[in-house]
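Letters A, B, ... mirror the listed sequences (proteins, then strands); counts begin at 1.
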Amino acid sequence: MKITIELWGQLKQVAGESCLSLELPEGATVQDAIRLLASQAVSLASSLVEEDGTCRPSNLVFVNDHQILLSDPLQDGNTITLMSPIAGG
Amino acid sequence: MEFKSTPLNPEEKATYEWQMWVEDFGEAGQEKLKGATALVSRCGGLGGPLCYHLASAGFGKIIIAHAGHVKHSDLNRQILMTHDWLGKPRAESAARRLRELNPRLEVEAVPENISEENAADLVGKADLVFDCAPLFSERFAMNRECVRQSKPMIEAAMFDLEGQITTILPGETPCLSCLYPADPPQWKREFPVFGAVSSIAASIAAMEGIKVVSGFGETLAGKLLCYDARTMNFRRVPIKRNPECPICGN
């Protein structure tokens, strides 16, 4: 299935683009998508996952504008929005 | 949440006449603003224009918490700082500008940033808090105290051409620690910023505070408003409380 990833904040700056596509097998979860993204976009890896491979809890994750659990399954055509925490003032 | 009302004098009625024409706000809403004390941390690119809007809208008192002295690199966005005040305390510069705008306003200038040591005292003096700090340690300290003292906190932040705003009502909405359970290691103290972008967040946050105090309209409680000034994309997404949150969870 095809998933679209939207990046906000420092994730967008590090990646150099705001929108990416991923191909994932049926039944894949949000966590699977983030791990795959971290493996394909090396510059994003440390911002997305911890050293042990778990997803960083400090990024906000939405699927089709709904806040979700990382273990939630994805559907073909879903859009994952990843927002890195920002505190500029 | 109830906020106290303070009657207006004739000069105040004349000053705020046009905004009292706003439906559902009126003189009753204006009296609530006059009775309100806001804590703003800090008063830079975001907190500065926010303070200006609170002052012009008629808040009774603003407490400004901001350490340090005015530098050249502040002046592209920190509109309460002026060239002739370079090298002088930021909090005093901001207080001076706010009093010029609204001599009826009571301003308390605290030349300190929010910390674990002063958060309880400063939050305790305010009816609501505006979080405009550039470090998560300051934001978390304020969030913890706002939850403990059941004070609303308007959370506003920006980076590059993006901004985020939400209204935190302790016990009802997600708190900052629900959204970000730990200090994000990737956040850096210095960040790209145009004053116009931080002012967008400031204006929206000020309007949130006005609505929370006067009790009209729909706020961003339980919702996160995100904007990207590069594309002028504005999105409002629902956010959830974390039942396991160490600050506000069960």
Side-chain angles (χ1 to χ4, degrees), chain A residues 3-20 29-31 34-35 37-38 41-72 74 78-89, chain B residues 40-48 50 66 77-78 130-140 155-164 174 176 178-193 197-198 201-202 224 226-228 230-231 233 235-240 242:
Chain A
I3 301 296
T4 302
I5 306 266
E6 287 185 0
L7 302 173
W8 285 67
Q10 288 169 305
L11 293 172
K12 182 169 78 176
Q13 187 189 48
V14 170
E17 50 193 329
S18 60
C19 198
L20 302 160
T29 65
V30 177
Q31 187 168 250
I34 294 173
R35 285 179 175 151
L37 177 63
V42 178
S43 61
L44 288 174
S46 65
S47 301
L48 294 175
V49 293
E50 312 268 9
E51 286 181 3
D52 65 0
T54 56
C55 294
R56 283 200 183 279
S58 53
N59 292 312
L60 290 175
V61 186
F62 301 88
V63 173
N64 296 352
D65 282 351
H66 293 282
Q67 199 175 9
I68 46 72
L69 298 175
L70 293 173
S71 56
D72 285 352
L74 291 164
N78 279 169
T79 297
I80 301 177
T81 302
L82 295 174
M83 293 184 181
S84 58
I86 61 173
Chain B
V40 182
S41 160
R42 307 181 195 186
C43 59
L46 206 166
L50 189 151
H66 199 151
R77 65 196 184 282
Q78 299 191 15
F130 293 87
D131 184 10
C132 309
L135 295 174
F136 275 96
S137 57
E138 295 172 42
R139 289 177 181 263
F140 285 137
E155 172 70 18
M158 58 76 52
F159 171 78
D160 193 65
L161 299 190
E162 296 176 11
Q164 294 178 353
L176 186 62
C178 291
L179 298 179
Y180 308 122
D183 201 345
Q186 63 267 49
W187 177 253
K188 295 182 176 64
R189 162 69 185 84
E190 295 181 335
F191 46 86
V193 50
V197 177
S198 49
L224 182 69
C226 315
Y227 65 85
D228 183 348
R230 193 178 298 275
T231 57
N233 176 17
R235 291 166 74 172
R236 197 177 66 164
V237 290
I239 48 177
K240 297 175 185 170
N242 174 8

A/R56 versus B/P184: any side-chain heavy-atom pair under 4.5 Å? no
At a heavy-atom distance under 4.5 Å, which candidate from B/E155, B/R236, B/Q186 has the highest pair count against chain A? B/Q186
Going by side chain to side chain donor-acceptor pair (under 3.5 Å), name the residues that satisfy it together with A/Q31, two or more places apart in sequence or in a different chain. none
Report yes if the side chains of A/L60 and B/L224 come closer than 4.5 Å at any heavy-atom pair, otherwise no. yes
On a heavy-atom basis, which atom in B/F136 and which in A/A87 lie closest, and how many Å separate them? CE1-CB, 3.5 Å
Less than 4.5 Å to any heavy atom of chain A: does that hold for the side chain of B/N242, its backbone, both, or neither? neither
Region of B/R139 that comes under 4.5 Å of a non-hydrogen atom in chain A: side chain
Which atom of B/A157 lies closest to which atom of A/I86, heavy atoms considered: CB-O, 3.3 Å
Heavy-atom distance under 4.5 Å to chain A: side chain of B/R235, backbone, both or neither? side chain
If you look at every heavy atom in A/G88 and B/L46, which pair is closest and at what distance? O-CD1, 3.6 Å
Relative to chain A, which of B/E162, B/K188, B/R77, B/E138 shows the most heavy atom pairs under 4.5 Å? B/E162
If you check every heavy atom in residues 41-49 of chain A against those of chain B, which residues fall under 4.5 Å? A/S47
By side chain to side chain donor-acceptor pair (under 3.5 Å), B/Y180 pairs with (sequence neighbours left out) B/Q164
Using every non-hydrogen atom in the two residues, find where B/C226 and A/M83 come nearest and quote the distance to one decimal. SG-CE, 3.2 Å
Cut-off 4.5 Å, heavy atoms of chain A, and the answer for B/D131 is neither
When only heavy atoms count and the cut-off is under 4.5 Å, which of residues 3-18 of chain A reach chain B? A/E6, A/W8, A/G9, A/Q10, A/K12, A/Q13
Could you tell me which portion of B/F191 (side chain, backbone, both or neither) has an atom closer than 4.5 angstrom to a non-hydrogen atom of chain A? side chain
From the list B/K240, B/R42, B/M158, the residue making the most non-hydrogen contacts under 4.5 Å with chain A is B/M158
